[in-house]
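First up is the structure itself, then whatever we jot down about it.
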Amino acid sequence: MAGENVKTFTTANWNEEVLGSDKAVLVDFWAAWCGPCRMVAPIIEELADEMAGKVIIGKLNVDEEPAIAGQYQVMSIPTLAVFKNGQVVEKSVGFRGKADLVKMIEKHA
């Protein structure tokens, strides 16, 4: 499903990979049944490849990890959140094009 540079976030790795990261982290909160999530998936993969080493990009399945999704008030998906130093610094709900996501990430990278 996800490309080699797209991380899969779970309860097991959330604290280390997202909250403990020294780089900005873009988290795509998604679910398999979500049409707009499937539309943004190839963009997430492209960005992960293009920005490898600069930022961390990954996905969290809200159906498999409802506690984390709830903790960050994810009510609609896709929700894209940029984490920096363990905090959400920017959040976007709904489909966004590549240019918008690049701007969102680069502000915090």
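Residues take their numbers from the sequence shown, with the count starting at 1.
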Any non-hydrogen side-chain atom of F83 less than 4.5 Å from a side-chain atom of V89? no

Mind checking whether V82 and Y72 sit in one hydrophobic cluster, side chains of I, L, V, M, F, W, Y counted as touching below 4.5 Å? no

Using only atom types and a distance under 3.5 Å, with no angle test, would you say the side chain of E65 pairs donor to acceptor with the backbone of L60? no

When you compare the side chain of K98 with that of E50, does any pair of heavy atoms fall below 4.5 Å? yes

Should the heavy atoms of other residues, nucleotides or ligands under 6.0 Å from CD of Q71 be counted, would the total exceed 12? yes

Decide yes or no for L80 and V27: does some side-chain heavy atom of the first lie under 4.5 Å from some side-chain heavy atom of the second? no

So which of N13, N15, L19 actually passes side chain to side chain contact (heavy atoms under 4.5 Å, CB included) with E17? N13

For the pair K7 (side chain) and I57 (backbone), establish whether a donor and an acceptor sit closer than 3.5 Å, ignoring hydrogens and angles. no

Between C37 and P78, what is the shortest heavy-atom contact and its length? SG-N, 3.7 Å

Is any side-chain heavy atom of T11 less than 4.5 Å from a side-chain heavy atom of I68? yes

Heavy atoms of S92 and M104 approach each other most closely as CB-SD, 3.8 Å

Any side-chain heavy-atom pair from R96 and V40 closer than 4.5 angstrom? no

pair I77-W33: side-chain heavy atoms closer than 4.5 Å: yes

Would the number of heavy atoms belonging to other residues, nucleotides or ligands and lying under 6.0 Å from NZ of K107 be above 12? yes

Got T10 and E64 here, is their nearest side-chain heavy-atom distance under 4.5 Å? no

Between V93 and S76, what is the shortest heavy-atom contact and its length? CG1-CB, 3.6 Å

Using the rule given for side chain to side chain contact (heavy atoms under 4.5 Å, CB included), can you reason through L47 versus I105, listing the C-alpha separation, both sets of side-chain angles and the distance that settles it, and then say yes or no? CA-CA 10 Å; L47 291 173; I105 295 166; 4.1 Å; yes

Tell me whether S21 contacts the main-chain N or O of V18 through its side chain, where contact means a donor paired with an acceptor under 3.5 Å. no

Before accepting this row, confirm whether a basic side-chain N of the pair K54/E106 lies closer than 4.0 Å to the acidic partner's carboxylate O. yes

Nearest 0.5 Å, what's the OG1-CG distance between T79 and D28? 9.0 Å

Check the orientation of W14 and F29. Use parallel for under 30°, tilted for 30 to 60°, and perpendicular for over 60°. tilted

In Å, rounded to the nearest 0.5 Å, how long is the span from CG of L26 to NZ of K59? 9.5 Å

Any side-chain heavy-atom pair of I56 and F9 under 4.5 Å: yes

